[in-house]
A.B. asks: 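The structure under discussion is supplied below as structure tokens; questions concerning it will follow.
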Amino acid sequence: MVRFTVLASGSKGNCTVLSGGRTRILVDAGLSCRELFRRMKLAGEEPATLNAIVITHEHQDHVNGLAVTARKLGIPVYFTEGTHRAWMRWLQPRRQMSYAQWLEMVRKQAAERRAEPESTTEAAENDPDEADLENSVQSAAPASSDPAPVSAVDPAPDPSGDHRPTLKDDPTWLPAFEYFQAGQPFSIGDICLNPFTIPHDAADPVGFVLSSEGVRLGFATDLGYIPPNVREQLRDLDLLLLESNHDLEMLRDGPYPWSVKQRVLSRVGHLSNDAASEFLAAHYDGQAAYVILGHLSENNNLPELARVAAERALLGRASLLANRLLLAAQHEPLSAISF
Ligand SMILES: [Zn+2]
Ligand SMILES: [Zn+2]
């Protein structure tokens with residue numbers, strides 16, 4: 001069975017769980033670890049069964065709980081190299097080390113770890129650390145991580161006994177990570193991921209088509225417009241999660257400073273209700289059982305405006321069997337969708 005649960009969607013945090021076959025992944029970790037676990041349980045998902053975390057881009061609403069969650073669960077994180085580097089810069093703006101120096105240090109540390117498999121244990125990570133990280137992400141400590149690939153379908157639930165630094169010492173340390181590139185599909189256990197480049201003001205942002213057991217799910221939020229490469233990807237889907245960020249008039253007349261309005265409206269900002277509707281009306285193939293509108297702005301949109309625009313665009317194609325329209329919310333999980 002394939003199950004898709006949006007735990008949160010919007011500028012205060014994005015997080016989705018996808019189960020396919022024996023594999024369960026988190027797409028983005030934009031909630032605090034505590035809130036993420038709470039919502040997973042609310043939605044009937046067990047955090048300890050997650051196999052990996054996949055990150056679309058480094059904006060805070062997509063990575064807020066990343067380090068704590070990955071550490072707690074001892075699972076690998078998948079991102080592009082550009083996103084990983086930008087994430088580390090965000091956590092450690094005063095880092096003095098060059099990337100080449102850092103990589104060298106990581107390799108050395110990994111070699112040391114391999115040389116001493118029976119290492120000493122250290123104090124378990126606890127919540128004060130988490131609070132520290134989430135309240136303040138400032139640290140000048142050098143980074144380290146283990147780039148060695150791990151089996152994503154066989155996670156260690158509580159890794160301890162290696163030389164992992166505390167969150168305070170190194171907020172960028174992860175149990176393991178892997179890089180992917182846009183345009184190059186890869187698998188995590190029973191889930192196949194096809195990342196594609198999206199136009200957004202982040203280092204190397206991606207959307208995904210995720211597939212498992214023959215079910216295809218498209219994931220496209222945080223994009224300034226829908227270029228042809230994205231249109232091409234969003235075909236033959238069973239589920240489409242599409243950004244419907246703002247109503248143009250509400251944004252123009254709303255509280256944001258002009259510079260922020262310009263950023264949101266730009267080609268690397270966010271999709272308006274109109275832009276999402278234009279895609280649904282003119283380019284979408286109408287194949288998906290579910291169309292979920294996501295990343296709605298709380299200041300510059302109303303759920304009803306987004307819904308009405310999309311309904312109009314779907315021209316009556318919405319029904320119980322096809323193009324069922326749902327809205328993902330910021331503050332509560334959307335009911336799980338199963339195939
Ligand atoms: Zn976002
Ligand atoms: Zn973003």
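From a predicted model like this one, the values you see are computed outputs, not experimental measurements. Ligands are counted one by one from 1 in listed order, and the atoms in each one are counted from 1 as well. Heavy-atom basis, side chains included; hydrogens, waters and symmetry copies ignored.
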A.B. asks: Angle at the Zn ion (ligand 1) between NE2 of His295 and OD2 of Asp61, to 10°?
C.D. replies: 90°
A.B. asks: Taking the Zn ion (ligand 2) as the vertex, how big is the angle to NE2 in His57 and NE2 in His200, rounded to 10°?
C.D. replies: 100°
A.B. asks: Report the name of the N/O/S atom of His59 located nearest to the Zn ion (ligand 2).
C.D. replies: ND1
A.B. asks: Using the Zn ion (ligand 1) as the apex, give the angle to atoms OD2 (Asp222) and NE2 (His62), rounded to 10 degrees.
C.D. replies: 100°
A.B. asks: Could you measure the distance from the CD atom of Gln181 to the CD atom of Glu81? Nearest 0.5 Å is fine.
C.D. replies: 8.5 Å
A.B. asks: Using 4.0 Å as the upper bound for N to carboxylate O, is an ion pair formed by Glu45 and Arg24?
C.D. replies: yes
A.B. asks: Any salt bridge between Glu249 and Arg252, counting N to O under 4.0 Å?
C.D. replies: no
A.B. asks: Would you call the rings of Phe279 and Tyr284 parallel, tilted or perpendicular if under 30° counts as parallel and over 60° as perpendicular?
C.D. replies: tilted
